[in-house]
Structure formats: structure tokens, C-alpha cells
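Report on one structure; see the data block that follows.
Naming convention: chains lettered A, B, ... in sequence-line order (proteins, then strands); numbering from 1 in each chain.
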Amino acid sequence: MKRFNPDAMGEKLLRRLAGGTSRRGILSRLGLALVAAPVFPLLPVSRAEAAKPDRSPEAKTMFARTAQTKDDTKCNYWRYCAIDGALCTCCGGGIHTCPAGAEPSPVSWVGSCINPDDGKAYMIAYRDCCGKPACGQCGCDNTDRETQLYLPQLNNNVIWCFGTSSMEYHCSTAMMIGAA
Amino acid sequence: MKRFNPDAMGEKLLRRLAGGTSRRGILSRLGLALVAAPVFPLLPVSRAEAAKPDRSPEAKTMFARTAQTKDDTKCNYWRYCAIDGALCTCCGGGIHTCPAGAEPSPVSWVGSCINPDDGKAYMIAYRDCCGKPACGQCGCDNTDRETQLYLPQLNNNVIWCFGTSSMEYHCSTAMMIGAA
Amino acid sequence: MTLGRKLARVLIGTAIAGSLATMNAAVALAEAVVPEAEEPGVMTMEAPKPSWFFVRGGWGSAGTSIFDAGTGKMIGMVATSRDSDLGIDPSGKFYYVAETMWSKVNRGTRQDLVSVYDSKTLKLLGEIPTPGRLIVGGFTTNFVLTDDGKTAYDYNFDPASSVNIIDLTKRKFVRAIELPGCAGMIPNPGVGFSSLCADGTIATVAIKGATQDITRTEPFFDAAADPIWSNTVYDRKKKQVVMLSYTGVVRTAAVGAKVEVGAPFSIQEAGGMKAADVKPLDIAWYPGGMQPMALHRPTGMLWVLMHKGEYWSHKEGAEEIWGIDLAAKKVVKRYPVEDEPSNIQITQDDAAMIMVNGGGKDAVIIDSKTGEVKHKIENGGSGLITVVESM
Amino acid sequence: MTLGRKLARVLIGTAIAGSLATMNAAVALAEAVVPEAEEPGVMTMEAPKPSWFFVRGGWGSAGTSIFDAGTGKMIGMVATSRDSDLGIDPSGKFYYVAETMWSKVNRGTRQDLVSVYDSKTLKLLGEIPTPGRLIVGGFTTNFVLTDDGKTAYDYNFDPASSVNIIDLTKRKFVRAIELPGCAGMIPNPGVGFSSLCADGTIATVAIKGATQDITRTEPFFDAAADPIWSNTVYDRKKKQVVMLSYTGVVRTAAVGAKVEVGAPFSIQEAGGMKAADVKPLDIAWYPGGMQPMALHRPTGMLWVLMHKGEYWSHKEGAEEIWGIDLAAKKVVKRYPVEDEPSNIQITQDDAAMIMVNGGGKDAVIIDSKTGEVKHKIENGGSGLITVVESM
């Protein structure tokens with residue numbers, strides 16, 4: 001089991017998780033929160049880091065075994081292992097960019113997906129683009145390690161449009177945070 | 001051609017066309033409006049009365065030839081010859097009754113439909129029920145003598161929820177006004 | 001402008017301008033006398049009945065249609081705006097809708113409220129403003145009424161977890177209780193409510209006036225490795241909650257000041273197979289869907305949407321529904337279903353009619369005793385299904 | 001409560017309460033360094049292009065998706081609330097949306113307005129309150145901009161006919177003009193607008209400051225017996241409107257202070273058949289749909305949705321699309337189409353790509369030169385299709 005070491009968390013990373021670059025207020029509180037946190041049993045999303053990860057085909061989910069890295073407008077693109085919604089790449093946006101007129105949510109749910117090219121797991125932040133009517137293109141619902149409402153960061157049903165001026169859901173992006 | 005005779009229009013009829021029973025204000029103005037009206041070429045909906053109607057199969061529309069009088073939850077029920085929308089009879093309402101919580105529009109578009117049992121034409125007022133989300137059951141779109149926006153009383157695309165507290169469309173009824 | 005004025009304008013306008021088909025017809029008509037003419041009207045409904053299914057439309061829908069399980073016919077509709085939650089007054093007098101609206105559709109001012117409808121006229125009786133609620137829809141546990149119908153608990157996540165207490169008698173928001181690390185509510189009569197938590201426990205919030213005590217069970221499930229569906233099912237008479245995990249572990253817990261979790265059993269073992277696990281490549285029958293189980297309380301039969309697949313397929317629709325005798329811990333019925341439904345519900349009367357939906361366009365009513373499909377309701381709604389639980 | 005506060009609460013809450021999978025992962029992650037991490041962003045778009053289709057979703061939809069005719073890909077979406085009307089600034093700087101909203105979805109205060117969006121960022125720049133508008137959707141002629149982009153005409157029916165004049169430069173409602181017995185607007189540059197009327201005429205409203213003169217053509221069609229579709233098509237360069245009737249009579253009219261209606265021709269005769277009529281039982285090829293024709297202005301080719309049937313089948317979807325050389329009055333192309341589309345549009349560039357939709361789930365892009373299906377866009381929208389007309 002890994003121990004929690006808040007000093008090792010750079011502000012840059014916190015910023016990526018928390019969103020915008022000018023939210024120092026969030027970041028400082030976030031730091032405080034983490035300092036206060038006790039140690040918990042590590043969950044699958046972090047086990048990959050905790051132990052030598054098993055990347056054999058036998059350890060891969062069905063999604064991971066069939067994922068591809070070429071076309072980010074398809075549901076089986078590797079980063080989408082836990083996405084639920086319309087792919088922003090099909091809506092005039094990009095893999096980590098909202099379509100014009102939509103607002104990226106500063107918070108997100110996360111997934112841990114394996115890139116078939118290097119066999120490594122990466123942490124993906126699914127950031128909803130908000131404030132426009134549903135895009136309606138490329139609806140996907142992948143559920144690797146997707147949980148229920150009491151673990152909201154790993155739940156993909158929630159409309160992750162907190163802190164945006166409107167909570168209407170338009171589409172979802174899959175931003176790479178880094179190695180998991 | 002028939003001439004216009006406002007004196008022959010009973011208040012009861014006007015009330016049926018205009019809706020509620022307590023709208024004397026509307027009725028008096030309606031009367032005034034009609035008095036002011038010049039003579040116009042009679043249109044199909046009134047031709048039935050103007051001349052001896054041709055009720056042979058050859059004169060009937062496809063709808064009229066195939067209409068039935070038994071089941072008012074089907075699109076081919078005879079009164080529905082110009083209806084567009086969800087049948088209130090499938091939504092918890094009746095042929096001239098709104099489902100609970102919906103509000104009948106005091107105005108309506110009209111159709112002239114032939115009852116296959118007696119071969120006669122009747123004037124039907126399609127009265128929308130308003131103020132609730134779309135019912136979604138038994139969607140029909142029949143178009144006998146249905147026209148465009150410049151003849152709105154004979155157009156079935158318009159949401160006929162004028163004078164109701166909400167203009168949201170729930171379903172449509174088909175109220176018999178009388179012989180046409 | 002009054003309607004009278006508007007009508008006068010249109011009629012005068014039309015008269016001046018040209019063709020007046022309707023009015024000409026009306027004139028002709030006046031001469032024909034109209035003894036058969038009809039009057040418009042508005043229906044009233046009966047109080048909510050055990051044979052009714054309350055079926056939410058699909059994602060983005062704004063209505064909950066009520067269908068009679070016996071006839072398959074639509075009885076009426078409760079206006080439930082997008083991602084709102086419906087609560088049915090246990091005494092049958094009211095429908096409550098916890099909802100969130102913006103003043104200009106998707107912009108303007110956010111408004112969170114509980115709308116109160118008369119159950120017979122479906123007229124809006126009042127609106128109770130609330131501080132906020134989780135916008136998600138699809139869960140039975142985010143808006144829960146107490147057995148006496150006097151209090152509602154409304155789950156909020158913004159993104160911090162809390163529960164709004166609403167006094168339904170006074171139609172007033174009372175206060176919010178922070179509920180860190182937990183989500184949703186399981187009724188806990190006389191105590192307050194209980195809640196599933198990320199640490200694998202059930203937390204119980206005992207409400208005492210303006211304060212509350214929060215206690216927890218021992219951890220009994222792994223919230224990340226084998227989560228329990230948030231859509232738990234509560235049995236009022238037994239004061240018991242039924243829980244189902246992604247691998248198919250069934251657990252019951254008796255609620256009260258201290259919640260007692262019973263011994264789990266595997267749904268696959270109950271069906272004579274080996275228990276499913278969380279490993280990839282292991283093919284098994286798994287439960288799946290958004291509302292994956294329904295409990296017939298009078299008989300203690302649990303109905304679960306099941307599909308063949310690998311683990312992490314928990315949103316997949318069903319190929320079969322399994323009927324499990326909870327007391328015997330045995331699968332006693334297996335019925336094939338079409339269109340991969342993701343929601344299931346059952347009426348709480350002797351008829352015990354099942355509805356499944358969410359895969360295709362039809363909501364399907366099935367006789368739980370025979371597996372026979374009784375009705376297929378086209379466009380019957382693809383969302384959460386609610387029934388009235390007898391008191 | 002600020003977002004910062006909210007986030008702090010959830011994190012502290014989770015920390016106290018239990019499992020913190022994300023944060024643990026983040027911690028692990030921090031140690032791994034993350035050079036490849038990405039930043040969120042928001043796209044900007046190009047100004048509206050002649051190769052774009054603006055496609056309204058189905059009934060009840062709240063968005064207009066923009067698809068490129070060449071690639072079939074979605075470019076973006078303009079927020080167009082239910083039954084609203086989209087106007088594209090001729091200079092390409094703005095999108096205007098004439099819309100009606102209630103403050104509580106289907107209740108509360110009614111709000112009629114024109115929303116102004118920047119065409120590159122799609123950000124809301126302003127809102128112009130208006131007295132009211134017809135709630136119908138599906139028509140190109142209910143919200144019309146002048147060629148100079150300075151004025152919008154917004155059709156109202158409440159149920160009296162009028163037209164709201166909106167100053168787009170000042171973003172201000174100016175005044176309403178009563179338009180009894182007529183509906184919708186045909187642009188009439190330098191004059192005002194013209195309008196189809198129930199008495200079978202075109203009325204022309206010549207606007208002179210705070211007053212207007214209304215003149216009419218002679219009656220030239222029977223509004224009840226063989227109506228002209230309200231969705232007329234206007235050619236800015238030729239200052240000509242193209243009209244189509246239910247039986248398939250094609251008419252053009254030159255707009256100006258005095259509108260001149262040209263000689264009609266039968267679409268069936270143009271195709272070498274006998275003209276269709278209004279009698280039941282006569283089977284013929286009839287035009288049909290909500291937006292039954294599209295004009296390629298550079299070549300004068302009119303494309304019409306056609307189906308076999310009897311009269312009064314004017315809403316039926318198409319089995320074929322017919323390409324008619326307007327100058328020669330000849331049908332020169334006939335292409336079969338699938339799924340009975342009810343809307344058609346064509347890009348105004350040399351590519352001349354057709355889109356049809358409204359029958360099935362797909363919006364289909366067809367090369368008008370060959371009839372070849374180039375793209376099928378799943379869930380591409382089933383409503384009105386708009387293109388940019390070059391000035």
C-alpha cells in the first residue's frame with residue numbers, strides 16, 4: 001500500500017485535476033483537504049501504481065483488449081474506457097477541447113485506461129462541455145471501473161457541469177492527466 | 001355560393017368555436033368581426049353545405065375511404081382526418097376531454113371529416129390540450145384539407161395553445177361541432 | 001392583451017384580409033343546427049393505485065407517464081422536468097417532483113424546487129424552493145419520502161454531498177445535512193435515513209431536531225472493486241433494504257437506529273452456477289442496467305436484469321430476468337426478454353406484473369407468474385419506473 | 001457558494017468519510033511526473049460557409065447542428081430552443097435566434113426574444129426582447145433578415161397576424177405591423193417584405209419610417225384548394241421568390257414595390273406527365289414534406305421532394321427528388337431516396353450538395369450532379385435545414 005504524500009503533489013497536477021489555471025483559491029483548499037486525509041485502502045485506479053501492474057491480455061478488460069488509438073471519434077478509442085455521453089470530437093470539439101460556445105467544466109470524473117500502443121495505463125479526466133443543448137453525435141457509454149454515486153469521481157451518470165454558468169450537458173472530452 | 005348571414009349564427013355555436021362558456025367578451029367581439037366581414041369565395045370546408053355534397057367513394061379522400069368509427073385511439077378514426085399530434089384518447093383523456101392537469105385551448109383548428117356510418121360530413125374542432133410535456137402516445141398526422149400558415153384555422157402545425165397559461169403541447173382532441 | 005382582444009383582432013383581421021373558410025363553414029353550420037355538439041373538458045384521475053407504473057421518458061424527457069399494468073393503457077402524466085425526481089405521497093394525495101430549472105432553458109437563473117401536484121387533478125398546488133439537488137435522474141434513492149409522508153429527503157451534490165430536509169406539511173425547506181462520502185437515501189423510519197458510502201459502509205443519520213448523529217456499519221463491500229447499485233430497494237413493511245452488487249452479490253440489511261447487514265449470497269450460486277467474479281475474460285451471467293432489480297414485497301421475490309458477459313458490463317441491458325426467492329436464496333424463474341432492457345419494476349399487488357424498458361422503444365409488461373408478455377407499449381418511456389408500495 | 005468552497009467541501013468531506021480513489025491515484029500520479037498532460041480548451045469556428053448545412057433537431061429539440069457538406073462532419077451547434085427560428089447574419093458575424101421560453105420550463109413567465117450569438121465563439125452577445133412570435137418552428141419564412149443584415153422581421157400569430165420589426169444594429173424591437181390574413185415573410189429589399197395571404201394574393205408591406213403601405217397582387221392561387229407551401233424560397237440576386245403548390249404548380253414572382261407573379265407551370269408536365277389535380281383517387285407524383293423544395297440559385301435548379309399518392313398527401317415524405325431546370329421548365333434529374341425525407345436543402349456553392357432528412361434517423365448528403373449518396377449522418381437531425389446564401 002502506498003502512503004499519502006501531499007508534498008509530492010505539484011500544483012500543476014492539482015490544477016489539471018481542478019481545472020482552470022487561475023483558481024488558486026481552490027488549490028489551496030484542495031491542499032488543505034488532502035493534508036487532512038487519512039490513509040485509505042487503495043482502490044483499483046491507483047493499484048496500477050501501487051503494485052507492478054499486470055498488463056497481460058488476461059488482466060485487460062474487454063474494452064482494453066479491443067481498444068484502438070487511431071480514431072478518437074469512435075467509442076472504442078482507448079481513452080474512452082469510462083466515458084458516458086456524446087464525444088466532443090464528433091461535435092466540433094477535440095479530445096480535450098470543447099466545441100465553440102460550450103464551457104468546459106472545471107471538475108471531472110476520471111478513468112484509468114490502457115493505451116494499447118505502449119500497454120501502459122493512463123489517468124483520463126472526462127471533462128464535460130456544458131451550457132449547450134445535447135450534441136447528439138457519437139453517443140458512447142463505456143464502464144471500465146465505473147462506480148455508483150457514493151464514489152462520484154468514478155461515476156459517469158452525473159452531469160459534471162459544476163462551476164459552469166449553465167449545467168446543460170453538451171458533450172464529453174477525455175483529457176490525459178498522465179500515467180496511472 | 002352562400003351568403004354570409006351573421007344573424008343565423010347562434011351564440012351557442014360561437015361559444016363552441018371559441019371555447020369556454022364564460023367568454024362573453026370574446027363572443028360579442030366575434031359577432032362584430034363577422035358583421036364586418038365581406039363575402040369571400042367559399043372554400044372546400046363550406047362547399048359541402050353550399051352545394052349538394054358528393055359522398056360517392058370517388059369524392060372521398062383516401063383517409064375518408066379507409067376511416068373507421070369504432071376505435072378513437074387509432075389514427076384512422078374518422079374524426080381525425082386533419083389531426084396532427086398525440087391523440088388525447090391515448091394519453092388518459094377522451095375524444096373531447098383533456099387528460100388530468102392539461103388545459104384545453106379555448107381556440108382550435110378545424111377539419112371537415114366524413115363519418116362512414118352515415119356518409120355525412122361533420123365539422124371537427126381540434127382542440128389542443130396544453131401545459132404538460134408531450135404525451136408521446138399515438139402520434140398521428142392526417143392532412144385532409146390541411147393548409148399553410150396564412151390559413152391558420154386549417155393548419156395543423158401551429159401549436160393551438162392560445163389563451164392557456166402555458167403553451168406547452170400535450171395532446172390533441174377532436175371535438176364534434178356539428179354537421180358540415 | 002386579453003384573449004378576447006386577441007381573438008377579435010384575428011377575426012377582424014381575417015375578415016378584412018381575405019379568405020375565411022372556418023367562419024364561412026361556421027355560418028353554414030349555424031343553419032344546420034348542432035344537437036350533437038360536444039363540450040371540452042378535463043379528466044380527473046384516481047389516487048395512485050398499486051397496479052400503476054410511473055414511467056419516466058428517455059434522457060431529456062420532461063414527463064412521467066402512468067400506465068395501468070392490467071390494460072397497458074396510459075392513465076395520465078406527471079410533469080417531471082429533465083433529470084427531476086418523482087415522489088409519491090404515501091397517502092396518495094400528492095405527487096412531489098424535485099426539479100431544477102433555469103429561467104431561460106439553459107441559461108439565466110437556476111431554480112431548485114419541489115413542485116407539489118394534486119394526485120387527482122394533477123394541478124400544481126405549490127412549489128417549495130430548495131438550496132439545490134443533484135442533477136442526474138434515473139435513481140429512486142435521491143428523493144425519498146418518509147412513511148408518514150410528512151418529510152422528504154432530497155440528495156444534493158454540488159460537488160459536495162448533502163441532504164436537504166423538506167417539511168412537506170408546511171411545504172418548507174428545513175435544513176441541510178452534510179453527508180460526506182455517501183450518497184442517496186434509504187428510508188429509516190423513526191430514525192432518519194441511511195446511506196451507502198464510499199468506504200463500504202452504510203451510514204445512518206439519526207435526526208434529532210436541529211442536530212443529528214451519524215453512525216456507520218462496519219465496511220461490508222468494496223465501493224470501487226464491486227460496487228452496490230445506488231438504486232437499492234426498500235421494503236417498508238419489513239424495514240429492510242435489498243442491495244445488489246455488480247458481480248451479483250445480494251445483501252439485505254435491516255434498518256433502524258443500528259443497521260444490521262445480513263449474510264450475502266451470490267445470484268449465480270442461487271441459480272446453480274459458480275459465483276461470478278471481477279476478473280476479465282471470465283464469462284458469467286451478470287446483473288446490469290440502471291435500475292437492475294425489482295422486489296415484489298408481498299412474496300419476497302427479487303427480479304433481476306441479467307446478461308452474459310464479462311465484469312464491468314454493469315450497464316448492459318438484459319437477456320433474461322431472474323426471479324429469486326430471497327428467503328430461500330434460490331433462482332426460481334428465468335425468463336428471456338427482448339431489446340436489452342435496463343430498468344425493471346414490479347407492481348406490489350397480487351397480480352405482480354413486471355415492466356421492463358430502456359433498450360428498445362417499447363415498455364414491456366410481463367406476467368411474473370408465467371413470463372408471458374402482456375403488453376408492449378410503443379414509446380412507453382425508457383427511464384426509471386416507480387410503483388406504489390402499500391403501507 | 002463559490003466553486004472553490006464547493007470543491008473544498010467535497011474533498012474534505014471525502015477525506016473524512018472514506019474512500020478517496022481519485023486523490024490516491026492523483027498522489028501516485030504526482031510521483032510519476034506528467035509531461036504529456038493536456039490543457040482544456042474551447043474551439044472557435046470559422047464564419048458561416050456556403051458548404052455548411054444548419055440542421056434543426058427533431059420536434060422538441062433545442063439545437064441546430066452544423067455539418068460540413070464535404071466531410072459530413074459536425075462543425076458545431078447553435079443553441080436554438082424548442083420551436084425557435086434561426087437567422088444567419090449576411091455578413092457572417094452573428095447568428096440570431098428568435099425564441100420563446102418560459103421561466104419554469106412549461107410554466108412561469110413567457111419570454112420572447114432574439115438571442116444574438118457571435119458566429120466564431122458562439123457566445124451569447126445579447127438578447128433583444130420582443131412582444132411575441134408564432135411558436136411553430138419548421139419554417140424558413142417566420143424570421144427573415146434583410147440583405148444588409150440591419151433589420152429582422154419576426155412573424156407573430158397570437159392568434160392575430162403581425163410582424164415584429166427588429167433593429168439588429170441597435171439590438172432593439174422597433175414596432176409591430178399588423179398583417180391580417182397573411183403569414184410569413186418574403187424579403188423585398190428596399191421596400192420591406194412581402195407575404196402570402198389567404199385570399200390567394202401576395203401582400204407587399206412597404207415600410208416608410210413609422211408607417212407602411214400594404215398593397216396586393218391580384219389573387220393567383222386558391223389558398224384552401226391548392227395551397228402554396230409557406231416555405232417559399234427566395235433568391236437574393238434575382239430578387240425572385242419561388243413558390244410550390246400542393247398539386248405541384250411552380251410559380252416565381254419578382255419582388256419589388258410591385259410584385260409580379262410569373263406564369264405557373266406543372267411539375268408533372270415538366271416531367272413529361274399529365275398535371276396532377278386535387279381529385280381523390282387520381283394517383284400522381286406529388287410534392288410533399290415540411291420543406292419540400294430547395295433552390296440552387298447559381299444554376300436555377302429547383303429540387304423537389306416527390307412521392308406517389310393521392311391529393312392531400314402533402315406531408316408525405318419523398319420517394320424521389322426531382323431536379324427541375326426553372327428556366328427551361330423541365331425535370332432534368334430524378335433520384336430515388338430512402339427513408340421518406342420531408343426536408344430538402346442544397347448548398348449554394350459549385351459543389352451543390354443536397355441534404356435530405358426527416359424520415360429516418362439519418363440526415364443524408366447527396367451529390368446533386370450524380371445522385372450519389374456521399375454521407376449518412378446518424379442522428380443528424382430531422383428538422384428544417386438552412387444554408388448560407390451568397391450575397
Side-chain angles (χ1 to χ4, degrees), chain B residues 33 38 40-47 54 56-65 81-82 84-85 102-103 105-109 112 130-134 136 139 141-170, chain D residues 59-60 82-83 100 102 104-108 110 134-139 141-142 155 157-161 179 181-184 195-203 219 222-232 245-246 278-283 288 290 309-316:
Chain B
F40 299 108
L42 288 179
L43 296 169
V45 70
S46 53
R47 274 188 200 139
D54 179 0
S56 64
E58 291 71 28
K60 285 183 181 171
T61 63
M62 186 155 69
F63 180 91
R65 296 195 308 272
C81 72
D84 178 8
E103 190 182 358
S105 172
V107 290
S108 56
W109 84 97
S112 172
C130 310
K132 292 179 74 108
D141 195 354
N142 296 324
T143 53
D144 276 8
R145 291 167 288 281
E146 194 266 348
T147 67
Q148 296 285 306
L149 293 180
Y150 42 79
L151 247 184
Q153 301 94 330
L154 300 176
N155 177 271
N156 68 14
N157 294 308
V158 169
I159 295 175
W160 277 96
C161 291
F162 302 101
T164 50
S165 60
S166 160
M167 285 192 67
E168 183 158 45
Y169 171 81
H170 183 56
Chain D
W59 196 88
R82 189 158 73 187
D83 295 329
T100 306
W102 271 258
K104 283 184 176 156
V105 184
N106 69 343
R107 59 186 200 262
R110 176 172 173 165
L134 171 60
I135 300 174
V136 61
F139 293 91
T141 44
N142 285 340
Y155 181 62
F157 176 74
D158 64 355
S161 275
L179 189 67
C182 311
S195 195
L196 285 171
C197 301
D199 60 359
T201 67
I202 289 178
D222 186 328
D226 186 15
I228 288 174
W229 265 279
S230 287
N231 273 328
T232 54
S245 83
Y246 287 10
V278 301
K279 282 188 207 130
L281 292 177
D282 276 4
I283 305 290
M290 276 299 291
E310 293 185 41
Y311 192 62
W312 295 121
S313 63
H314 52 280
K315 279 197 188 179
E316 251 173 52

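- In this view, D:Glu316 satisfies the side-chain hydrogen bond (donor to acceptor under 3.5 Å, both in side chains) rule with no residue, not counting sequence neighbours.
- Of the inter-residue distances, the one linking B:Gln148 atom CD with D:His314 atom NE2 reads 6.5 Å to the nearest 0.5 angstrom.
- For a residue to count as touching a neighbouring chain, one of its non-hydrogen atoms must lie under 4.5 Å from one of that chain's; by this rule D:Leu134 touches chain B with the side chain only.
- Taking CH2 of D:Trp312 as the reference point, atom CD of B:Glu146 lies at 8.0 Å (rounded to 0.5 Å).
- Within the 4.5 Å cutoff, the side chain of D:Ser195 has no heavy atoms near those of the B:Tyr150 side chain.
- The backbone N or O of D:Pro227 sits nowhere less than 3.5 Å from a side-chain atom of B:Thr147 that would complete a donor-acceptor pair.
- One distance of note links SG of D:Cys182 with CG of B:Leu151; it measures 10.5 Å at 0.5 Å rounding.
- The part of D:Tyr246 that comes within reach of chain B is its side chain, from C-beta onward, which places non-hydrogen atoms under 4.5 angstrom from that chain.
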Before giving the answer on side chain to side chain contact (heavy atoms under 4.5 Å, CB included), spell out for B:Asn157 and D:Met290 the whole-Å C-alpha distance, their side-chain angles and the decisive distance to 0.1 Å. CA-CA 10 Å; B:Asn157 294 308; D:Met290 276 299 291; 3.8 Å; yes
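- A 4.5 Å side-chain heavy-atom check between B:Leu149 and D:Phe157 finds every atom pair outside the cut-off.
- Proximity to chain B (any heavy atom under 4.5 Å) is shown, for D:Asp226, by neither the backbone nor the side chain.
- Heavy atoms of D:Trp102 lying under 4.5 Å from chain B belong exclusively to its side chain.
- Residue D:Asn106 holds its CG atom at 13.0 Å from CE of B:Met167, rounded to the nearest 0.5 Å.
- For the pair B:Tyr169 and D:Arg82, the minimum side-chain heavy-atom distance is 4.5 Å or more.
- Taking the salt bridge (Lys or Arg N to Asp or Glu O under 4.0 Å) definition, one finds that D:Lys315 meets it with B:Asp84, B:Asp141, sequence neighbours left out.
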